[in-house]
Number of protein chains: 4
Amino acid sequence: MTHVEEMLRTYPADLGDVDRAALVRCIEECFDCSQTCTACADACLSEAGVADLVKCVRTCLDCADICDATGRVLSRHTGYDANLTRAMLQACVTPLGKDAQGHADRPD
Amino acid sequence: MTHVEEMLRTYPADLGDVDRAALVRCIEECFDCSQTCTACADACLSEAGVADLVKCVRTCLDCADICDATGRVLSRHTGYDANLTRAMLQACVTPLGKDAQGHADRPD
Amino acid sequence: MTHVEEMLRTYPADLGDVDRAALVRCIEECFDCSQTCTACADACLSEAGVADLVKCVRTCLDCADICDATGRVLSRHTGYDANLTRAMLQACVTPLGKDAQGHADRPD
Amino acid sequence: MTHVEEMLRTYPADLGDVDRAALVRCIEECFDCSQTCTACADACLSEAGVADLVKCVRTCLDCADICDATGRVLSRHTGYDANLTRAMLQACVTPLGKDAQGHADRPD
């Protein structure tokens with residue numbers, strides 16, 4: 001239902017030896033995840049126990065933004081940079097730490 | 001392949017008499033269009049005749065951003081506001097004017 | 001503190017007779033509003049009475065996304081289109097309707 | 001001219017021992033960078049030698065998206081997670097690799 005594969009197939013320059021099926025799926029998942037997390041944050045807001053779900057809302061909002069940015073970066077092939085792609089993919093798979101109070105656990 | 005329909009089905013509050021199939025398709029199209037336009041702008045950059053495609057690149061970048069914002073607005077149902085939804089959908093279907101030079105045709 | 005004005009001054013093509021001071025301010029306000037609304041939605045989540053603020057959270061999230069897209073559109077001058085600019089600005093100033101229950105007030 | 005500091009000051013919960021001045025500046029720089037890179041990509045499109053600037057356009061588009069997402073993540077304090085913040089900041093400061101042809105240098 002998406003056009004990710006078609007856009008990749010018609011890209012006018014060389015894509016190198018990238019695994020196209022994996023790339024298509026990764027792009028699709030990024031955009032789908034961005035939508036799902038946006039909808040999940042909103043669904044939490046309509047739950048009777050929203051006060052217990054604020055951490056979930058926040059995580060969903062972050063995830064939506066990060067997957068959106070990653071899906072866009074992955075959709076570009078001109079002037080491709082592996083370091084940047086890797087950094088964004090690593091952000092996507094970052095394991096969340098234990099619940100912190102305030103910013104006590106802020107990175108150094 | 002997307003989770004739009006599933007997220008809509010599990011939304012915990014009343015959605016009123018909205019046409020769910022139309023809403024699902026509209027959300028899916030917004031996110032797909034955002035990806036396609038991002039990829040199209042990038043493909044133009046790798047064309048030999050990129051100098052002739054700069055208007056296309058710009059339009060694609062705008063379209064990607066507007067569809068992204070619209071897809072997010074449509075994915076939220078809590079505190080739904082018809083005026084805002086309508087305004088964003090109208091932005092999505094705005095017919096582009098004739099090519100303008102610079103900002104001579106700027107809105108009043 | 002922003003670079004909006006400097007970027008406009010160094011734009012290499014003709015900007016026509018646009019009111020530059022107004023354009024600079026409008027772009028700055030879009031990005032500032034996007035940040036403020038993102039922070040406001042988050043602040044609501046940390047309020048004791050978050051259950052009474054869910055409509056505010058949703059409105060802030062929409063506003064952040066719409067102002068972000070509008071600020072990006074306004075930051076582009078190549079292949080400028082007045083219709084699209086007008087549509088996004090109108091979305092930004094859309095008066096919210098009275099609180100609707102679910103999607104009963106969905107646009108036609 | 002921005003409201004970043006004011007929003008941080010009125011945040012209703014504990015922010016821990018975060019360096020507020022640094023946080024304010026970081027958020028402001030993310031949003032400013034997102035605007036500047038959006039404008040820079042557009043300015044490149046209006047340069048006579050746009051064909052030589054496609055790598056710059058692409059890098060600017062990526063940078064705009066990543067700084068946007070990072071500015072949003074940094075603007076949220078509820079349910080703060082240090083790992084995620086660190087991952088996004090690292091993406092922001094990722095040194096670009098040497099120019100790659102196609103995706104030959106794709107991450108493993």
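All values below were derived from every heavy atom in this structure, side-chain atoms included, with hydrogens, water molecules and symmetry-related copies excluded. What you see is a predicted model, and the numbers here were worked out from it, not measured in a lab. Here is how names work: the chains are called A, B, and so on, in the same order as the sequence lines, proteins then strands, and each is numbered from 1.
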So B:Asp62 and C:Leu84, do their side chains get closer than 4.5 Å, heavy atoms only? yes
How close do B:Gly79 and C:Lys55 get, heavy atom to heavy atom, and via which atoms? O-NZ, 2.8 Å
Does the side chain of B:Val73 come within less than 4.5 Å of C:Arg58's, by heavy atoms? yes
Comparing B:Asp68, B:Val57, B:Val54, B:Leu61 against chain C, the one with the most heavy-atom pairs below 4.5 Å turns out to be B:Leu61
When every non-hydrogen atom of C:Ala91 is compared with those of B:Ala87, the smallest separation belongs to CA-CB, 3.8 Å
Applying side-chain contact (heavy atoms from CB on, under 4.5 Å), run through C:Arg76 and B:Thr59 and close with a yes or a no. CA-CA 10 Å; C:Arg76 299 179 184 122; B:Thr59 302; over 6 Å; no
If we only count heavy atoms from C-beta on, is the B:Gln90 to C:Thr94 side-chain gap below 4.5 Å? no
Is C:Glu5 atom CD crowded by more than 12 heavy atoms from other residues, nucleotides or ligands, each under 6.0 Å away? no
